[in-house]
Colleague: 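Let me begin by handing over the structure; questions about it come next.
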Amino acid sequence: MPLLAVAFGLIVGAVLIVVSGDNPLVAYRAMLEGSLGGSDAIGRTLEKATPLVLGGLAVAFAFKAGLFNIGGQGQLLLGAAFSAWVGFNFDLPAVIHIPAALIVGGLAAAILGGLAGLLKATRGVHEVISTIMLNFVAANFTEWMVSRDGPWKDPEGGAIARTPLVQDSADLPRIAGLPTGFLVAVLAAVSIWWLVNRSTLGFEVKTVGSNPKAAAYAGISVTRIIVITMGISAFLAGLGGAIQTLGVNGRFEPGFQTGLGFDGITIALLARTNALAVIPAALLIGAMDAGSTLMQARTNVEPEVINVIQAMILFFVAAPSVVRWILQLSEAEDVDTGVDLATGWGTT
Amino acid sequence: MSDRGDPVDGTGVGAATSADQSGFERPGEVPLLEMRGLTKRFPGVVANDKVDLLLYEGEILGLLGENGAGKSTLVKMLFGIHEADEGTILFRGEELKPSDPGDAIDKGIGMVHQHFQLVPPLTVAENIVLGAETTRAGGFMNRRAAEARVRELSRQYGLDVDPTDVVGDLPVGIQQRVEILKALYRGAELLILDEPTALLTPQETDELLAIMRDLAADGVGIIFITHKLREILAVTDRVTVLRRGKSVGRTLTADATTESLAEMMVGRSVVLSVEKPPREAGEAVLSVNDVQVRDDRRQLKVKGASFEVRAGEILGIAGVEGNGQRELVEAITGLRSIVSGNVSIDGQEVVNRPRKVREMGTAYIPEDRERDGLVGPYSIADNLVLTHYYEPPFANHGVRDFEEVDKKAELLVERFDIRTPDIHTPVKSLSGGNKQKVIVARELSDDNTLVVASQPTRGIDVGSIEFIHSQLIAARNEGLAVLLVSAELDEIFSLSDRIAVIYEGRIVAQRDPAATTREEIGLLMAGGEVREDSAA
Amino acid sequence: MTASAPPLTRSASNLNSYVARNAKALAGLGVVVVALIVAYRWDGTQTTAVMARTVREAAPLILAALCGLVGERSGIINIGIEGQLLLSAFCGFMVGSYSGSIILAVVAALAVAGLAGTFLAWTSIRLRMDQIIAGTVINIFAIGATSFFYVPNRTMATIPTVSLGFLSDVPLVGPMLFDHGPLTYAALVAVAVVHVALFETRWGLRTRAVGEHPSAADTVGVDIFRLRYLNLTLAGMLAGLGGMALIQSAGVFNRGMSNGKGFIALAVMLIGRYRPTGVLAAALLFGFFNALQAQLQFKQVFDIPPQFFGMIPFVLTIAVLAIAGISVRPPAAVGKHYEKE
């Protein structure tokens, strides 16, 4: 069913491309070439997919506790900014420097996410509202940190708001030709899968997500689990930002990667909130992203078409009945997306 | 009217034949309602199997049956919620096929649902006119006209309500009157009351029965759904008994007895009392001292309750729902913070941490099993370790051991006779009785000293009720202290060694079941005069 | 926070009870009026500028929040308001730009946002999709589609402000209330219209019933699904007006120009406790902070980095929700799919 959803998303995208006067086959071929044609293209796809794996994991893991972390963007910015700070400000051996920068970035984001969790658990502030508000706060905060009077401003940057480049010792290398960041992301996915399915903490998270009253009855502190879940979820998003900074950009500049929070939602749902399935889902979106540049160069198709395709994929994943109806399939058993968000609206 | 010889469905239950009863049918008179061979199938079950039913104008028909016998399905077909697969409904001699509730209402059928269909934030008048509003030009509400009409109806039928009250603030008994008025406002000639007495005090029940008689005297036909035999005998003119979807008996009430009805309902002679050997109670296990607790809306709901439960006894707390039972139980089990006073178990003070209380030796069967006691999508196995998943042998250092979980689950499914194909079946697919058995198995299989059981048999079948009752008695016999909270007086009387009555957050009396009567307890539950405690 | 309607003040006793029930709101209004007079005496020009801007900034928020309010009062969460604003601003702009007709622009904006509302109702009723996800679909689609079809460097005619005669000459009050673009007036009128419709009409009674207890409405023959389709479409049109309000003064469309206003509108709706008058007050508060920030920055009154001012509305939202959040009770049936038996 997810594959069908992707197919339908691409068809809708093709219609848009036709409307804007281009040939969708040429466009999609360019997209394919730009994402999978040759080791450079594949490297670009993996690079694009890395923050998407982590963003998707962030959303998927929060879903397990019935929480909708829509604040991936802000958490990623904090992760990126703080890892950049550790990266340029300290002089350490690489084996310490890289993990330290990644972890500090993740933790900065975790604090932001944990705050949203705390507000939800103790004050009943819905996390959709609070995480979005915190996105704006984080964007303003990080922008100020690297602005004219900000403490992390690159002194050589002139009028450009950015941090200095990170030290070489904080630069993410490639291992066996693969970007280290991608390996970290895969490791994170495996860890989250294990956490959810094998550990008592995962059991607690799922119990809170399925039935918070029963969780309290079973002696689980719902408040604690909500804060921890939001913290871990935000940590993952922050880690995504840190990897992007240390492995790709080399420094923090405000406003990069806009819309990542939304990508994470699509990926998490495409993967049906399964942590391992997040990897292929992220690779798919990452490939579209990586290929869209070549597509634009060859056909003048705006790269934003992939946003529309993603919206359509999300729609078809969440509404399997539409896909069945289009294909005139018989009424299969209702596929559970594993997500039930709307009923928690406004209540603690 | 029925041209079939024997409307009884061949189960051979004696007292139920109707054809030979004088007065069962009234030749020459068109019945208000007649159902012939009504059948409704759902995937996997036949909810109603060729059900017949007969009712004349101004009569009250009792529709009797256990939970799941098909009473609700039957009236839902009449009210246009379900469509019958077979059979016909005749209303005043004309075939009735309501397409939806709106259609049924137009035809003169009114229904008071078990779960009230009232919108709490709206006023009485707004609730009554909803869907049939009188408006001025432009769709503006004519509030005054609505209120006047409600007052008029209220006077006409002696159903006292204030149309400007907000429904959510009214007691259950009054809300029910609003429901009845809602049906009358729409010109109901046939009124269906689905388990209307389930949430009422004995006094409110009496008032309702009186209202029903008045309505019948005014010519309204009433279908009264209940599983309480006493109410059937008190108010109805005729009875139809359903069992497993079939109408197993139809009779005039005058020809029925408690025993004959009970036997028809359950299909075998029922032991209405539970075997309970006498036993000396031991030391106090649970002591509750002047406890005050707030509800979710931060209102003081338990206002200074005090009592003890001793080892080897069952203390039954009787009371109408909503008098602080839920808050009291949640305070005892550590789920809710205590405002003042204290609770102790074996001398240790209870704190607002459920896991701590559990580890002090408390088992807890919660009032709302679906909401509080089970995780629907989880397997039976996971639900059976829901309170112990974190400790050995089910987990070591935060890593779960699924082999141990399954081993335990197999054992409990066997021992507590949980009917399921597999321990990995999601618990939400079980029947109500089996769900409750999962909870009981989990709670009563541990080494505990106190059992808190809140409404442990609500809404489940007789077989499961008997099983759960026997388990609670067994716990008591083994020397556990059992706190039973129930709104069912039958349950309270058949299980308790002592009875305490809760009213508006206070324990207003404690009685020895042998030295009190249902009437006295009923009166106390309704806030009636409190005499000196005889047993406290 | 009962949903029962405040009766129209027909007599003195009614007036008294009205005052009694709304004591806090009236007291708050009094404080605001006094503060405005004091501020005006202190610096008339600045105060007038800030307050006029407050109302202007509040307008799209009011319309967007009313969109959310009507949806939730009917039992459907709408987190796609952001997308509805963006889509309607874009379509309104494009139609206005190519046709030169402001009327057509408004019609296009209403149509596309209304359609998005219908879509939301459809996904929820027919597809039983999670409403939060459905709203997210609208948001992502809006970002993608409006960027994809974006044409740089186009402009449309700005919508002129309409001064209401002598009223606009009244000091402070005139510029504040009677010298605005038509969509700003539309926002203020919409508050009154939604309020009266919700509490004084048959539609309002049924809508509140459907949002609180759909099966109660269903069993008395109210067509829940039809009402939800209708309401979500109408609500979408309110957001459509909101989208037009975003572009009315500048006459340009920028990518992502809704800039989170649809989400802030949700917060406005919550802080306004699902009441139109509450929405008005909360939106004005947000508008005020935005206006103050802009004015202070413009005048360089304090040496505070602009980013910190930028944070104020968001931090404020969280703070207000954290303090007031507990007492906000959403309509009981919000977010739940209605199972027709």
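Per chain, numbering begins at 1; letters A, B, ... match sequence-line order.
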Colleague: If you compare all heavy atoms of Thr266(A) against all heavy atoms of Ile140(C), which two are closest, and at what distance to 0.1 Å?
Modeller: OG1-CD1, 3.7 Å

Colleague: Given heavy-atom pairs under 4.5 angstrom as the criterion, report whether the side chain, backbone, both or neither of Leu119(A) touches chain C.
Modeller: side chain

Colleague: Rounded to the nearest 0.5 Å, what separates atom CG in Asn307(A) from atom CD1 in Ile143(C)?
Modeller: 6.5 Å

Colleague: Between Phe315(A) and Met129(C), which heavy-atom pair has the shortest distance, and what is it?
Modeller: CD1-CE, 3.2 Å

Colleague: Side chain, backbone, both or neither: which part of Ile264(C) has a heavy atom under 4.5 Å from chain A?
Modeller: both

Colleague: Any chance you could measure Ile79(C), atom CD1, to Ile70(A), atom CD1, to the nearest 0.5 Å?
Modeller: 4.5 Å

Colleague: Quick one: of Phe263(C), Phe149(C), Tyr150(C), who has the most non-hydrogen atom pairs under 4.5 Å with chain A?
Modeller: Phe263(C)

Colleague: Where is the tightest heavy-atom contact between Ile129(A) and Ala267(C), given as atom of each residue plus distance?
Modeller: CD1-N, 3.9 Å

Colleague: Determine the minimum heavy-atom distance between Ala319(A) and Leu127(C), stating which atoms define it.
Modeller: CB-CD1, 3.6 Å

Colleague: Are more than 12 heavy atoms, taken from residues, nucleotides or ligands other than Phe288(C), located less than 6.0 Å from that residue's CZ atom?
Modeller: no

Colleague: Can you tell me how the ring of Phe136(A) sits relative to the ring of Phe314(C), calling it parallel under 30°, perpendicular over 60° and tilted otherwise?
Modeller: parallel

Colleague: Go through the atoms of Thr123(C) and report whether side chain, backbone, both or neither lie under 4.5 Å from a heavy atom of chain A.
Modeller: side chain

Colleague: Let me confirm one number: the CZ-CG distance from Phe68(A) to Asp130(C), rounded to the nearest 0.5 Å.
Modeller: 8.0 Å

Colleague: Side chain from CB out, backbone as N, CA, C, O: work out which of these in Leu16(A) comes under 4.5 Å of a heavy atom of chain C, or both, or neither.
Modeller: both

Colleague: Go through the atoms of Leu134(A) and report whether side chain, backbone, both or neither lie under 4.5 Å from a heavy atom of chain C.
Modeller: both

Colleague: Decide if atom CZ of Arg126(C) counts as having more than 12 heavy atoms of other residues, nucleotides or ligands within a radius under 6.0 Å.
Modeller: no

Colleague: Which heavy atom of Asn140(A) sits nearest a heavy atom of Met311(C), and at what distance?
Modeller: CB-CG, 3.5 Å

Colleague: Please name the pair of heavy atoms, one in Ile133(C) and one in Ala318(A), separated by the smallest distance, quoted to 0.1 Å.
Modeller: CG2-CB, 3.7 Å

Colleague: If you round to the nearest 0.5 Å, how far is CG of Asn139(C) from CD1 of Ile265(A)?
Modeller: 8.5 Å

Colleague: Any heavy-atom pair between the side chains of Met133(A) and Val315(C) that's under 4.5 Å?
Modeller: no

Colleague: So which of Gln310(A), Arg148(A), Met312(A), Glu304(A) has the largest heavy-atom pair count under 4.5 angstrom toward chain C?
Modeller: Glu304(A)

